[in-house]
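These notes are about the structure you will find just below.
Computed from a predicted model, the values in this text were never measured in an experiment.
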Amino acid sequence: MNPFAYRHGRLYAEGVDLAALADEVGTPCYVYSRAHIEERWHAFDEAFGGREHLVCYALKANSNLAVLEVLARLGSGFDITSVGELERVLAAGGDPTKVVFSGVGKSEPEMRRALEVGIGCFNVESASELDVLNRVAAHLGKQAPLSLRVNPDVDPMTHPYIATGLKQSKFGIDIAQAADVYRRAAGLPNIEVKGVAFHIGSRLDDVAPVVTALERVLDLAGELMDEGVALEHLDMGGGLGIRYADEQPPEPHDYVLALLGALERFGARYQSLRLMIEPGRSVVGNAGVLLTRTLYLKHGAERNFAIVDAAMNDLLRPALYDAWHDIGPVQLRTDKSSTVYDIVGPVCESGDFLGHGRALAIEEGDLLAVASAGAYAATMSSNYNARPRAPEVLVEGDRYCVVRRRETVADLLALESRLPPDP
Ligand SMILES: *Cc1c(COP(=O)(O)O)cnc(C)c1O
């Protein structure tokens with residue numbers, strides 16, 4: 001279901017008229033559809049059928065508290081990368097025992113807090129991190145639940161910045177070294193080996209590389225089980241892509257079925273493993289749009305620019321990854337033919353663009369909706385150029401709720417102080 005559709009020439013989110021919403025809330029602003037988030041999460045969850053499993057939503061895609069609460073109420077697990085994200089899960093009413101903690105650089109205070117609240121699993125990414133976790137757990141008199149995140153050396157055929165399962169990547173433990181690290185872990189007094197994890201990258205439009213990674217990890221799991229290392233779960237990471245332009249990623253249901261099929265081929269001994277996945281983008285990406293208003297149209301000798309009130313500080317993906325987002329008018333015009341524009345923001349960088357070469361029938365003052373802005377959008381926003389961050393709005397049916405208010409300039413200044421007087 002696409003929750004964003006035109007009715008009589010006006011763009012709606014579910015039952016909410018976006019032009020009316022923008023008049024109330026102002027622009028730029030993010031708008032998310034609760035129904036879409038729920039539908040996508042359920043699609044993953046239901047695909048596992050009767051098999052024991054946990055869908056751990058990856059917070060870094062979108063960590064707004066209301067979004068997390070929508071998922072927590074469904075019984076979702078969570079994949080976190082920092083203690084800040086852990087506090088967000090707790091603040092949203094999420095269950096700490098359903099939290100997995102990923103990331104190459106967990107600090108000791110982060111480990112301590114995660115142990116105190118009793119998270120489900122640490123996905124450890126190096127031998128040194130294993131030792132530190134054991135020590136921190138010993139101080140607290142606790143057992144740290146552990147998976148190793150192994151790096152299966154598979155090319156996910158995606159953007160180099162979001163490929164994480166290649167040998168040269170900083171992520172995970174080389175699969176060839178993983179058995180040794182597991183043997184060490186099994187001998188540490190404050191570590192409890194729970195499972196094995198991998199995550200090969202993001203924006204995957206094909207399940208084949210994940211299946212290859214899974215097969216390599218299952219070989220390792222078999223080897224470990226032969227040695228008597230007890231494994232309870234298998235975490236297959238996230239990474240399923242969404243349609244930004246004309247990509248054709250598998251549906252969540254088919255993606256999970258492909259993974260279940262590969263598991264089945266490996267035989268009965270793997271059937272008792274509890275399965276986990278960590279989707280982020282594919283749950284929230286197409287649940288959101290960024291609304292922005294056209295400030296100026298500038299017609300140059302070679303190019304035309306639509307200068308809008310959203311910028312790279314609001315949506316970094318075009319500048320960071322050269323990412324393509326669909327951009328369309330919120331109210332369709334029948335009184336104009338279209339002109340090709342570069343859609344740019346007010347930030348003083350040539351990299352500050354939302355889209356290049358877009359044919360649009362617009363006038364100054366018109367609203368635009370930047371599509372697929374539910375993931376890696378608000379979470380990547382910044383205050384560059386001293387721009388207050390945009391508000392976030394959650395739509396449910398014909399109602400909406402501002403779930404993060406617009407920052408004010410006072411918010412921006414609040415953490416800073418003047419110099420003491422010169423002597
Ligand atoms: C980023 C990340 C995810 C989620 O990736 P998506 O592409 O958003 O699904 C899952 N697991 C780990 C370890 C990650 O770093």
Task: Point-to-point distance, once rounded to the nearest 0.5 Å, from CG of Asn64 to CZ of Arg88 - done: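 One finds 7.0 Å between CG of Asn64 and CZ of Arg88.
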Holding to side-chain contact (heavy atoms from CB on, under 4.5 Å), I want the full list of residues that pass it with [X], two or more places apart in sequence or in another chain.
{"X": "Glu52", "value": "Arg274"}
{"X": "Pro209", "value": "Val154, Ile200, Asp206"}
{"X": "Pro189", "value": "Asn134"}

With sequence neighbours excluded, tell me which residues meet side chain to side chain donor-acceptor pair (under 3.5 Å) with [X].
{"X": "Arg333", "answer": "Asp335, Asp366"}
{"X": "Arg404", "answer": "Glu407"}
{"X": "Glu364", "answer": "none"}

Check: [Y] main-chain N/O paired with [X] side-chain donor or acceptor under 3.5 Å:
{"X": "Thr292", "Y": "Ala310", "answer": "yes"}
{"X": "Arg216", "Y": "Pro152", "answer": "yes"}
{"X": "Tyr255", "Y": "Pro249", "answer": "no"}

Open item on the list: The criterion is salt bridge (charged side-chain N to carboxylate O under 4.0 Å, His left out); which residues satisfy it with Glu39, sequence neighbours excluded?
Closed with: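 For Glu39 there are no salt bridge (charged side-chain N to carboxylate O under 4.0 Å, His left out) partners, ignoring immediate neighbours.
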- [ ] Under the salt bridge (charged side-chain N to carboxylate O under 4.0 Å, His left out) rule, collect the residues that match up with Arg135, sequence neighbours excluded.
- [x]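 Result, salt bridge (charged side-chain N to carboxylate O under 4.0 Å, His left out) vs Arg135: Glu108.
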Open item on the list: Contact between Leu240 and Phe44 at the side-chain level, heavy atoms closer than 4.5 Å - yes or no?
Closed with: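 Sidechains of Phe44 and Leu240: in contact.
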Task: All pairs passing ring pair (Phe, Tyr, Trp, His ring centres under 6.0 Å) where residues 328-373 contributes a residue, at least two apart - done: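 Of all non-adjacent pairs touching residues 328-373, those that pass ring pair (Phe, Tyr, Trp, His ring centres under 6.0 Å) are His299-Tyr341, Phe353-His356.
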Open item on the list: Under the salt bridge (charged side-chain N to carboxylate O under 4.0 Å, His left out) definition, can you give me all pairs with a residue in residues 122-133, not counting sequence neighbours?
Closed with: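 The answer is Lys106-Glu129, Glu125-Arg149, Asp131-Arg184.
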Open item on the list: For His325, give me all partners under ring pair (Phe, Tyr, Trp, His ring centres under 6.0 Å), at least two apart in sequence or on another chain.
Closed with: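 Here the qualifying residues are Tyr244.
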Side chains of residues 415-423: which donor-acceptor pairs under 3.5 Å do they make with residues two or more places apart or in other chains?
none

Open item on the list: Assess whether a salt bridge exists between Glu87 and Arg113, defined as any Lys/Arg side-chain N lying under 4.0 Å from an Asp/Glu carboxylate O.
Closed with: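 The answer is yes: the pair qualifies as a salt bridge.
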